[in-house]
Peer 1: 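Below is the structure I would like to discuss, written out as structure tokens.
As the structure is a computational prediction, the values presented were derived from the model and not from experiment. Atom set for the values below is all heavy atoms of this structure, side chains included, hydrogens, waters and symmetry mates excluded. Every chain is numbered from 1 and lettered A, B, ... according to where its sequence line falls, protein lines coming before strand lines.
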Amino acid sequence: MLRLRPCVSIRNIYFTRRSKLLSPLIPSLPFFKSPSFLRTHTLSLNPISSMSSSRPSAFDALMSNARASAKKKTQPQPKSNSPKKRKTLDHPQNPDKTLNSVQSPQTDESKKLINTSDSSNEPKSEPNSRSDSLLKVNQSKKLRVEDKNAGLKSKIVLLKKKAGDFKPEMVANWEKGERVPFIFVSLAFDLIANESGRIVITDIVCNVLRTVMDTTPEDLVVVVYLLANKVAPAHEGVELGIGEALIIKALAEACGRTEKEVKKQYKDLGDLGLVAKASRSSQSMMRKPDPLTITKVFNTFQQIAKESGKDSQDKKKNHIKALLVAATDCEPQYLIRLLQTKLRIGLAEQTLLAALGQAAVYTEEHSTPPPHIQSPLEEAAKIVKQVYSVLPVYDKIVPALLSDGVWNLPKTCSFTPGVPVGPMLAKPTKGVSEIVTKFQDMEFTCEYKYDGERAQIHYLENGSVEIYSRNAERNTGKFPDVVAVISRLKRPSASSFILDCELVAYDREKKKILPFQILSTRARKNVVMNDIKVNVCIYAFDMLYLNDQPLIQEELKVRREHLYSSFQEEPGCFQFATAITSNDLEEIQKFLDAAVDASCEGLIIKTMNKDATYEPSRRSHNWLKLKKDYMENIGDSLDLVPIGAFHGRGKRTGVYGAFLLACYNSNNEEFQSICKIGTGFSEQVLEERSDSLRSQVIPKPKSYYRFGDTIKPDVWFEPKEVWEVKAADLTISPVHRAAIGEVDPDKGISLRFPRLVRVREDKSPEQASSSEQVAEMYNAQKHNHPNNQDDNDDVDN
DNA sequence: TGTGACTGCCC
DNA sequence: ATTCTGC
DNA sequence: GCAGAATGGGCAGTCACA
């Protein structure tokens with residue numbers, strides 16, 4: 001906890017000094033007042049004024065019509081894409097309920113952190129009584145704000161222009177230097193949501209960025225964070241700590257509805273953002289506080305992240321409510337989606353990075369593109385992506401972009417030990433033959449794929465060590481033992497390095513690898529060496545940096561040599577990933593079997609020379625992964641019965657999003673839940689199954705359904721269908737009940753990575769996989785044998 | 001002090 | 001994690 | 001093939017509340 005501010009933790013200050021200047025958290029820049037016509041201040045001094053309405057519904061309707069028609073002009077028709085062609089909404093009830101008062105929960109201290117330039121005096125809630133004349137006054141003020149928004153709305157489509165035809169002053173309706181209004185970003189989100197083409201989306205985002213660069217460059221970092229839907233770089237460990245449940249609460253309270261109603265509408269609409277949208281227009285007799293700015297929103301997000309301890313949930317909730325109260329138009333929708341970290345508009349990091357690169361080209365005052373470049377836009381996008389993959393810190397990249405330009409970006413922002421880079425990933429492969437085909441005549445190596453936790457270990461000159469997870473979370477506090485081992489077993493020749501490895505639970509007495517599930521029971525925070533119950537072996541397979549030199553541009557062959565010569569192996573503590581170099585199909589097949597036999601998931605296959613650089617965070621052709629369960633007719637496959645389902649969200653709105661599956665216990669004729677399943681369906685199959693099963697809905701689970709009491713499907717079914725499902729593993733489950741009593745007295749079995757293979761039209765539910773079979777399959781898994789043989793067959797090369 | 005709901009992060 | 005889909 | 005968005009099991013940590 002308390003790891004909060006992007007980029008300014010003490011530990012990181014060394015790398016981020018420069019960025020402090022522009023860190024969104026430390027607004028060193030003057031704050032700008034909203035122009036007076038945007039404010040409702042004058043009236044708000046009068047207590048009665050807060051009774052005014054913010055819902056001139058006729059006007060709203062007018063506006064949304066205008067907007068809708070404006071949209072139609074510019075775009076033919078957003079087609080069948082599901083979230084976009086959603087059915088009409090339930091009409092929310094209780095239009096007359098007033099908003100609860102939203103007290104700002106900020107402490108004096110927290111206020112300091114907030115940029116209060118746009119803060120509002122939070123209105124107290126008032127009874128529904130109205131004064132007509134005051135209403136009029138307020139409505140006319142409101143009109144002016146709406147007017148201004150209307151202007152923005154009508155111009156927002158200009159963001160779709162190709163960058164060459166776009167001028168940054170085309171859309172902005174705020175003054176230069178003024179804080180960027182949140183409505184601008186929200187409208188842009190809305191625009192993007194109605195596009196499906198990545199190119200157009202990139203253009204829009206590019207133009208959004210250019211607009212901000214032109215008016216309020218100080219806000220650029222913040223816009224970028226919002227567009228990225230992040231609050232801080234991953235390794236800073238800033239968590240919002242809010243989820244669905246809390247948002248529902250906040251939404252209910254802010255709109256004067258019950259949680260039950262909100263939940264119901266959530267089921268129908270498949271998106272809490274849409275619920276917020278639908279709710280907003282249906283309530284609130286209140287005057288709006290000042291319009292939201294992006295800094296206000298962003299700073300509030302950080303406040304939310306910061307709340308902890310007693311009453312923190314209430315405080316977080318109140319922050320959300322405060323934002324909702326101030327939100328207009330589509331703002332609530334995107335506020336909620338941002339809080340959920342599910343923007344769902346077809347915009348994510350890669351597109352943002354591309355747009356950032358392109359935007360920089362258009363605002364380039366610093367340098368011209370290098371001469372031979374064919375397409376500066378593409379090249380710039382590439383550069384930004386590349387740089388971000390190596391230094392995923394917007395607080396550094398954005399300022400560098402502003403001050404020195406894209407073409408200098410690789411120089412101004414580069415690989416920095418202490419900042420985690422995205423680990424290189426591998427693509428699934430269906431079999432050995434596919435590998436041999438793909439890598440043809442290249443030299444390649446196969447390594448065991450260990451079933452543990454990915455770790456990127458940074459060792460700096462000064463002897464300090466940091467450990468980062470696959471998702472760039474700082475895990476150092478979880479693995480003090482690893483820190484010690486690394487320091488002990490590194491060779492003196494290695495004075496600084498970045499190591500890529502897998503941390504695997506290990507039983508040092510029996511000298512064997514333990515399953516992932518054991519590893520995951522390790523404590524995670526502030527672990528003390530003596531308290532460690534699950535030991536870990538480091539399986540190292542790559543080296544990204546050594547003695548002040550980045551190695552990522554080097555071939556694997558070279559990197560591996562550096563790796564091998566930089567550490568001393570010690571069984572059960574630090575080992576190099578078992579590897580062979582072979583292109584013999586049968587040999588590889590054997591090696592795969594050996595890997596599985598050694599409690600590994602399968603193999604990772606990597607080219608040694610050609611295309612053998614380390615490509616941070618990219619799933620590249622260069623690395624392939626091969627697991628038994630990827631192969632057809634191999635791996636655990638079960639025939640299971642859908643006995644319940646959950647309503648889909650987002651693009652699954654209107655169909656079931658996931659199903660509860662069961663195996664069949666023929667002894668007591670029970671269907672025992674074994675897992676949920678939500679992947680492997682094509683859209684068509686999902687729709688077919690949803691349609692088919694909708695007619696099998698029953699009001700209550702059958703008496704002969706056995707399932708954990710925390711499992712609450714939205715609907716239950718008659719046992720009718722049988723689906724073939726593939727899984728990577730079977731695990732003892734705290735919630736499922738399959739084969740209960742057969743391998744564990746009161747725990748059932750579940751599946752790891754379940755996915756649909758096909759529907760077994762030929763089978764009846766009683767012919768589904770039986771509990772005995774499930775138990776058998778579980779027991780067949782090597783590590784589940786009570787007395788495991790010693791099987792350390794280290795292949796080396 | 002214990003429990004359960006919720007959240008984030010591993011896979 | 002796995003999988004599917006539009007571009 | 002990329003990028004995005006659906007979805008899985010299961011663990012520790014946190015917080016509200018009994």
Side-chain angles (χ1 to χ4, degrees), chain A residues 1 79-83 195-202 234 237 239-249 270 307-314 316 341-354 385 425 427-428 451-455 469-473 475 478 502-503 515-527 601 618-621 625 627 629-630 646 648-653 655-659 661 674-686 709-710 725-736 749-757:
Chain A
M1 53 164 42
K79 45 165 204 202
S80 71
N81 223 339
S82 29
E195 293 296 331
S196 56
R198 224 185 304 155
I199 294 172
V200 182
I201 292 176
T202 309
E239 302 157 22
L240 280 177
I242 55 176
E244 218 167 78
L246 192 59
I247 292 177
I248 288 173
K249 267 190 195 168
E307 304 291 358
S308 73
K310 184 162 154 41
D311 295 334
S312 58
Q313 300 303 295
D314 265 350
K316 285 171 192 262
T341 338
K342 280 182 189 212
L343 223 30
R344 275 208 282 239
I345 56 175
L347 167 67
E349 197 125 64
Q350 293 308 306
T351 306
L352 169 62
L353 292 168
K385 285 186 184 183
L425 305 169
K427 299 200 88 158
D451 190 7
E453 202 173 314
R454 188 84 175 262
S469 76
R470 176 195 148 117
N471 295 315
E473 299 286 334
N475 264 179
K478 179 177 173 183
E502 190 83 6
L503 305 179
F516 176 79
Q517 220 175 348
I518 300 291
L519 178 68
S520 69
T521 64
R522 267 185 71 122
R524 295 174 192 179
K525 289 189 165 175
N526 307 315
V527 174
E601 292 184 288
R618 275 197 64 217
R619 238 163 198 113
S620 93
H621 251 322
K625 58 176 165 180
K627 308 207 303 193
D629 58 284
Y630 296 162
F646 303 81
R649 298 163 190 187
K651 66 183 183 186
R652 298 235 173 127
T653 304
V655 291
Y656 296 122
F659 301 84
L661 297 180
I674 185 167
C675 67
K676 294 198 287 172
I677 189 167
T679 192
F681 308 86
S682 66
E683 282 183 359
Q684 188 195 331
V685 167
L686 184 61
D709 42 17
T710 57
V725 167
K726 192 109 134 176
D729 271 310
L730 289 84
T731 61
I732 296 289
S733 170
V735 300
H736 290 291
I749 287 171
S750 186
L751 306 183
R752 191 182 186 197
F753 310 146
R755 62 268 194 187
L756 180 76
V757 176

Peer 1: Could you check which of C:dC4, D:dT7, D:dG10 has an atom nearest any side-chain atom of A:S682?
Peer 2: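 Of C:dC4, D:dT7, D:dG10, C:dC4 is nearest to the side chain of A:S682.
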
Peer 1: Please enumerate all residues that pass side-chain contact (heavy atoms from CB on, under 4.5 Å) together with A:A348, with sequence neighbours excluded.
Peer 2: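 Once residues adjacent in sequence are excluded, A:A348 has no partner under the side-chain contact (heavy atoms from CB on, under 4.5 Å) criterion.
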
Peer 1: The criterion is side-chain contact (heavy atoms from CB on, under 4.5 Å); which residues satisfy it with A:K676, sequence neighbours excluded?
Peer 2: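 Checked A:K676 against side-chain contact (heavy atoms from CB on, under 4.5 Å); matches are A:F646, A:L660.
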
Peer 1: By nearest atom, which of the nucleotides C:dG6, C:dT3, D:dA5 is closest to the A:R344 side chain?
Peer 2: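 The answer is D:dA5, which lies nearest to the side chain.
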
Peer 1: What nucleic acid atoms does A:L503 come within less than 4.0 Å of, heavy atoms only: base, sugar-phosphate, or nothing?
Peer 2: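 Here A:L503 touches no strand at all.
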
Peer 1: Tell me what A:K726 touches on the nucleic acid: a base, only sugar-phosphate, or nothing, going by heavy atoms under 4.0 Å.
Peer 2: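 Here A:K726 touches no strand at all.
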
Peer 1: Produce the list of close N/O pairs, under 3.5 Å, pairing protein atoms with atoms of nucleotides 3-6 of chain B; give distances to one decimal.
Peer 2:
none

Peer 1: Measure from the side chain of A:Q350, starting at C-beta and using heavy atoms only, and say which of D:dT14, D:dG4, B:dC9 lies closest.
Peer 2: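 The answer is D:dG4, which lies nearest to the side chain.
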
Peer 1: If the condition is side-chain contact (heavy atoms from CB on, under 4.5 Å), which residues does A:S733 pass it with, not counting sequence neighbours?
Peer 2: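 Checked A:S733 against side-chain contact (heavy atoms from CB on, under 4.5 Å); matches are A:V735, A:H736, A:S750.
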
Peer 1: Can A:D451 and A:R752 be counted as an ion pair, charged N to O under 4.0 angstrom?
Peer 2: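 Yes.
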
Peer 1: Does this structure show an ion pair linking A:E473 with A:K478, if we count only N-O contacts that are shorter than 4.0 Å?
Peer 2: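 Salt bridge absent between A:E473 and A:K478.
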
Peer 1: Ignoring hydrogens and angles, answer whether the base of B:dC10 and the side-chain atoms of A:R454 contain a donor-acceptor pair closer than 3.5 Å.
Peer 2: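 No pair found.
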
Peer 1: When only distance counts, do a donor and an acceptor, one from the side chain of A:T679 and one from the base of C:dT2, lie under 3.5 Å apart?
Peer 2: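 Pair found.
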
Peer 1: Scan A:L347 against the nucleic acid and name what it touches under 4.0 Å (heavy atoms): base, sugar-phosphate only, or nothing.
Peer 2: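 Sugar-phosphate contact only.
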
Peer 1: When we call it a touch if two heavy atoms are under 4.0 Å apart, what does A:K385 touch: a base, just sugar-phosphate, or nothing?
Peer 2: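 A:K385: backbone/sugar contact only, no base atoms under 4.0 Å.
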
Peer 1: OP1 or OP2 of D:dC15 sitting under 4.0 Å from any side-chain N/O of A:K316?
Peer 2: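 A:K316 to D:dC15 OP1/OP2: no side-chain N or O under 4.0 Å.
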
Peer 1: Does A:R752 reach a base, just sugar-phosphate, or nothing at all? Heavy atoms under 4.0 Å.
Peer 2: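 Sugar-phosphate only.
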
Peer 1: Between the base of B:dC9 and the side chain of A:R524, is there any donor-acceptor pair under 3.5 Å?
Peer 2: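 In this structure, the two groups form no donor-acceptor pair.
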
Peer 1: OP1, OP2 of D:dC17 versus side-chain N and O of A:K310: anything below 4.0 Å?
Peer 2: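 Checking D:dC17 against A:K310, no side-chain N or O comes under 4.0 Å of OP1 or OP2.
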
Peer 1: Give a yes/no answer on whether the side chain of A:N475 brings an N or O atom under 4.0 Å of OP1 or OP2 in B:dC10.
Peer 2: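 Checking A:N475 against B:dC10: at least one side-chain N or O falls below 4.0 Å of OP1 or OP2.
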
Peer 1: Which of the following nucleotides, D:dA5, D:dC2, B:dC9, is nearest to the side chain of A:E239?
Peer 2: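 Side chain of A:E239 sits closest to B:dC9.
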
Peer 1: Among B:dC10, B:dG8, D:dG8, which nucleotide has an atom closest to any side-chain atom of A:F516?
Peer 2: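 Ranking B:dC10, B:dG8, D:dG8 by closest atom to the A:F516 side chain puts B:dC10 first.
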
Peer 1: Establish, with yes or no, whether the OP1 or OP2 oxygen of C:dG6 is under 4.0 angstrom from a side-chain nitrogen or oxygen of A:K651.
Peer 2: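 Answer no for this pair, as no side-chain N or O of A:K651 is under 4.0 Å from OP1 or OP2.
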
Peer 1: On the nucleotide D:dA3, are OP1 or OP2 found under 4.0 Å from the side-chain N or O atoms that A:R198 carries?
Peer 2: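 No, because none of the side-chain N or O atoms of A:R198 sits under 4.0 Å from OP1 or OP2 of D:dA3.
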
Peer 1: Out of D:dC11, D:dG4, C:dT5, which nucleotide sits closest to the side chain of A:S520?
Peer 2: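 Among D:dC11, D:dG4, C:dT5, the one nearest the side chain of A:S520 is D:dC11.
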
Peer 1: For a quick check of understanding: with a heavy-atom distance under 4.0 Å over all strands, which category does A:L519 fall into, base, sugar-phosphate or nothing?
Peer 2: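 The answer is nothing, as A:L519 stays clear of every strand by at least 4.0 Å.
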
Peer 1: Give one of base, sugar-phosphate or nothing for A:D729, where a contact means two heavy atoms less than 4.0 Å apart.
Peer 2: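 Answer is nothing: A:D729 stays at 4.0 Å or more from every strand.
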
Peer 1: What is the nucleic acid contact for A:K627, judged by heavy atoms within less than 4.0 Å: base, sugar-phosphate only, or nothing?
Peer 2: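 Here A:K627 touches the backbone only, sparing every base.
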
Peer 1: If you only use heavy atoms from C-beta on, which nucleotide in D:dG1, D:dG10, C:dC7 is closest to the side chain of A:S196?
Peer 2: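 The answer is C:dC7.
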
Peer 1: Only counting residues at least two apart or in another chain, list the ones meeting salt bridge (charged side-chain N to carboxylate O under 4.0 Å, His left out) with A:R198.
Peer 2: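 With neighbours one apart ignored, the set is empty.
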
Peer 1: Please list, chain by chain and in numerical order, all residues satisfying side-chain contact (heavy atoms from CB on, under 4.5 Å) with A:S682, sequence neighbours excluded.
Peer 2: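 A:S682 satisfies side-chain contact (heavy atoms from CB on, under 4.5 Å) with A:Q684, A:V685 only.
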
Peer 1: Can you tell which of D:dT7, D:dG4, B:dC11 lies closest to the side chain of A:A658?
Peer 2: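 Taking heavy atoms from C-beta onward, the closest nucleotide is D:dT7.
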
Peer 1: Below 6.0 angstrom between ring centroids: does that apply to A:Y656 and A:F681?
Peer 2: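 Centroid distance A:Y656-A:F681: not below 6.0 Å, so no.
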
